[in-house]
Amino acid sequence: MTYVKTIGAALLASVALASAAAASCEITLRSSDTHPDGYPTVAAVNAMGEMLKERSDGRLCIEVFHSAQLGEEKDTIEQTQFGVIDMNRVSLGPFNNIIEETQVPSLPYIFRSVGHMNKVMDGPVGQQILDAFSDHDLVGLAFYDGGSRSFYNSEKPIASIDDLAGMKFRVMQSDMFVDMVSALGANATPMPYGEVYSSIQTGVIDGAENNWPSYDSSGHFEVAKYYTLDQHLIVPEVLVMAKSSFDKLSAEDQALVRQAARDSVPVMRDLWIAREQTSEARVREAGVQIITDIDKTPFIEAMVPVYEKYVTSAVLKEMVADIQATK
Ligand code: GTR
């Protein structure tokens, strides 16, 4: 009896402690993500929240609203600019039409590999892009990994650029991606991520393009069983904060937020590498036809007009040259 009572008291005490810690959050930053709970981006922002809470003695907390609970990326970006949402983890793609610097790392085939992308985004070009957010009511905190994106569709195996002719693909809401698909001879439909599954299912589009973890977690592989590893995009993902929310913090707390964001990057990269493998295995097991033997040269050559149209200012030209010169 005494034993049970002691355990009961200890349990009660720990529950009380846990709720005291939760109650002591003075500021809770609401963060948006389109991905489901457990996805590497969601887990990384949660990890950032734990670091922030510990380093601020429980004062600063983050609550991640995953699974697009706060809306689709384009809308949540606007809400973050207005300060309705404090933090947002999104692809750079939906920023392309708003912040021209984000177009550069979103250019097709700009990076030779994910390692090249990480090196560039960890360096001066990455910093230049993070700084560019400040002219748009946002604070750029960190870049995450998004692997490489390739086309998948419900119709047929695509083994060469010619197979793309006339097909209809969803792209993120970025004019540059519409032009990218047109330059490949196909038709692009910009649309929010959450509408892609049913649009493929009902034949509104033939397919879309994404990385292994998104192809898997979105369930798109169930309706688009042909995946061609042309790897046309290696678009970084970004964690941003509403400038108005950031400005409300003391200088010390701002430094804590920036540091915790930076420290969440290696966490994210490790989770990403593991998730790419499990997603690929899961999708292969489901019987998806993966086309790996594809000549990328005609894809790369077809992108010349896209570069000509979008890389126009001296600033962007220099960024492209810097990226190409990064070994
Ligand atoms: C994912 C990315 C999301 C979102 C999505 C999309 O790879 O992580 O942020 O941009 O693609 O295609 O909309």
Side-chain angles (χ1 to χ4, degrees), residues 31-45 64-80 85 87-99 102-103 105-106 108 111 114 117-118 121 140-153 168-178 180-181 188-200 205 207-221 223-224 227 229-240 264-265 268-269 271-273 275-276 278-280 283:
S31 190
S32 174
D33 200 309
T34 197
H35 291 302
D37 201 14
Y39 195 92
T41 51
V42 175
V45 179
V64 183
F65 291 81
H66 54 79
S67 312
Q69 290 171 70
L70 302 181
E72 296 284 354
E73 290 196 342
K74 191 167 171 282
D75 301 330
T76 60
I77 287 173
E78 280 167 21
Q79 291 184 49
T80 313
I85 296 174
M87 277 174 54
N88 207 345
R89 193 295 314 160
V90 280
S91 167
L92 279 186
F95 277 114
N96 291 171
N97 292 358
I98 316 170
I99 306 176
T102 68
Q103 290 170 358
S106 308
F111 297 115
V114 170
M117 183 273 280
N118 284 335
M121 302 315 279
L141 294 177
F143 292 111
Y144 285 165
D145 196 353
S148 57
R149 298 173 70 108
S150 293
F151 289 106
Y152 45 79
N153 80 95
K168 227 183 198 182
F169 290 98
R170 173 268 178 173
V171 289
M172 284 187 267
Q173 287 150 297
S174 152
D175 293 345
M176 197 170 78
F177 296 153
V178 172
M180 170 189 77
V181 169
T189 307
M191 105 180 17
Y193 190 48
E195 291 172 21
V196 178
Y197 189 104
S198 62
S199 301
I200 298 176
I205 48 174
E209 44 86 55
N210 223 312
N211 50 46
W212 285 111
S214 292
Y215 181 44
D216 166 28
S217 70
S218 61
H220 293 174
F221 69 96
V223 286
Y227 193 29
L229 302 183
D230 62 288
Q231 301 176 318
H232 52 271
L233 294 176
I234 300 183
V235 188
E237 318 236 317
V238 69
L239 183 62
V240 293
S264 71
V265 173
M268 195 280 165
R269 285 184 188 162
L271 292 170
W272 181 260
I273 292 165
R275 180 63 176 245
E276 271 190 321
T278 50
S279 286
E280 177 174 349
V283 162

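For ligands, and for the atoms within them, numbers begin at 1 and follow the listed sequence. Keep in mind it's a predicted model, so treat the numbers as computed, not measured.
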Interfacing atoms of ligand 1 (cut-off 4.0 Å, heavy-atom, [X]):
X	value
Ser91	9 (O), 10 (O)
Met172	6 (C), 10 (O), 12 (O), 13 (O)
His35	1 (C), 2 (C), 3 (C), 8 (O)

[X] contact mode with ligand 1 (heavy-atom cut-off under 4.0 Å):
X	result
Asn211	side chain
Asn210	side chain
Ser214	side chain
Glu209	neither

Is the ring pair Tyr227/Tyr215 parallel, tilted or perpendicular, if the boundaries are 30 and 60 degrees?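 Tilted.
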
Which label fits Phe169 and Phe151: parallel for a plane angle under 30°, tilted from 30 to 60°, or perpendicular past 60°?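 Rings of Phe169 and Phe151: tilted, 30 to 60°.
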
What's the verdict on salt bridge (charged side-chain N to carboxylate O under 4.0 Å, His left out) for Arg89 and Glu73, showing C-alpha distance, side-chain angles and the deciding distance? CA-CA 9 Å; Arg89 193 295 314 160; Glu73 290 196 342; 3.7 Å; yes

Compute the ring centroids of Phe177 and His232, then answer whether they are less than 6.0 Å apart.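 Phe177 vs His232: aromatic centres not under 6.0 Å.
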
Would you say the ring centroid of His220 lies under 6.0 angstrom from that of Tyr152?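 His220 vs Tyr152: aromatic centres under 6.0 Å.
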
May I ask you to identify the nearest protein heavy atom to [atom], giving residue, atom name and distance to one decimal place in Å?
atom	result
atom 13 (O) of ligand 1	Arg170 NH2, 2.9 Å
atom 10 (O) of ligand 1	Glu73 OE1, 3.0 Å
atom 2 (C) of ligand 1	Glu237 OE2, 3.2 Å

Full working for side-chain hydrogen bond (donor to acceptor under 3.5 Å, both in side chains) between Thr34 and Tyr39: CA-CA 10 Å; Thr34 197; Tyr39 195 92; over 6 Å; no

Could you give me the CA-CA distance, side-chain angles and deciding distance for Val45 and Met87, then say whether side chain to side chain contact (heavy atoms under 4.5 Å, CB included) is met? CA-CA 10 Å; Val45 179; Met87 277 174 54; 4.0 Å; yes

